[in-house]
Amino acid sequence: MEIDLEKLPFDLDFHPSTNIVAAGLITGNLLLYRYDAEATPQRLLEVNAHTESCRALRFVNEGRAIVTGSPDCSILATDVETGAAIARLDNSHEAAVNRIVNLTESTIASGDDEGCIKVWDTRQRTCCNTLHVHEEYISDMTFASDSMKLIGTSGDGTLSVCNLRSNKNGRKVVCGTQSGTLLLYSWGFFKDCSCLSDEIILNLKLDEDRLITGSENGIISLVGILPNRIIQPIAEHSEYPVEGLAFSHDKKILGSISHDQTLKLWNLDELLLGSENSMPNHSAASDSDSDGMDVDASIPKPSKGTKRKNVSKGSKLDNSTNFFADM
């Protein structure tokens, strides 16, 4: 299933409970579509959200609102039903907002082009934490909910782990790099890592043993962890780099965006069909931290199917404490 967005997309996200997908465009517009396997996707909303590109977006408040971020330094909360602006924070950051990620039911985090990460409490309606952990732009963030740790990566080549509450430990952290190397860290041992290389620039966790990755050459692949191996390519978005990957709420659909100005919705069961025969013997290899990369000798052909922009800083206003007042 393919949606022609007509302009370059920067980010995508799926509604947490219904068949709705959102995309943020280089024009600053926010688009929402309803999708169904048996019908053409229907555009629900088009919102002129920002004066510059819409770089980041996430559904919040159980899907009733969507939060977007932009190089105009603003963060906007939009009502999903009506498209009306709930609240806008014009001075959310001192630099372009590049990433937004959900944390808990009442908190989100945003990252900017100068390496600053902010944590927002939507109930207290304020920024509750500012983390100056990187020297260059925030390239991605993810949240480990079981340990309450926020993990960030940056254009300065570093990875940060910010403890938001407790000291529980997870197992592994997987990080994609611009050079195409996938770095695998054991939790708490961030000086040591194993590597997997195939021009990978994005990764999405499928389960505890597998990732779905997007590459600079437009290929979407299934990757195994411990042992580290490319199981097989499963789709080809286009000849351009894959710029975004996301799962639908029921994990039946994989969404991808690229420079071809399309949002593609893939049936995940169909993509993974046949991959079970290529899976490693986990009982024999699950405890082995291999530094090498194993690639299947007979890889089937996949299904056919950098966001750095000029930064203009927004005006500084003292309205950060009431941004989420109406959410």
Using side-chain heavy atoms (C-beta onward) and a distance below 4.5 Å, is I138 in contact with D113? no

What I want to check is whether the side chains of [X] and [Y] have a donor and an acceptor closer together than 3.5 Å.
| X | Y | value |
| --- | --- | --- |
| T107 | W120 | no |
| T158 | H134 | yes |
| N98 | H93 | no |
| T153 | S139 | yes |
| H237 | S258 | no |

Above 12 or not: heavy atoms from other molecules or residues under 6.0 Å from NZ of K252?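 Open.
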
Would you please name every residue forming a salt bridge (Lys or Arg N to Asp or Glu O under 4.0 Å) with D140, sequence neighbours left out? R99

Can you list everything that forms a salt bridge (Lys or Arg N to Asp or Glu O under 4.0 Å) with R34? Sequence neighbours excluded, please.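 Salt bridge (Lys or Arg N to Asp or Glu O under 4.0 Å) list for R34, sorted by chain: empty.
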
Without swapping roles, check the side chain of [X] against the backbone of [Y] for a donor-acceptor pair under 3.5 Å.
| X | Y | value |
| --- | --- | --- |
| S154 | E136 | yes |
| H15 | T18 | yes |
| N61 | G63 | no |

Using 0.5 Å steps for rounding, measure from the OG atom of S92 to the CD1 atom of I75.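 It is 3.5 Å, given to the nearest 0.5 Å.
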
Output, in order, the C-alpha distance, side-chain angles, deciding distance and verdict of salt bridge (charged side-chain N to carboxylate O under 4.0 Å, His left out) for R55 and D112. CA-CA 10 Å; R55 280 196 190 171; D112 68 28; over 6 Å; no

Once you measure the plane-to-plane angle for Y35 and F14, does it fall in the parallel (<30°), tilted (30-60°) or perpendicular (>60°) bin?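 Correct class here is perpendicular.
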
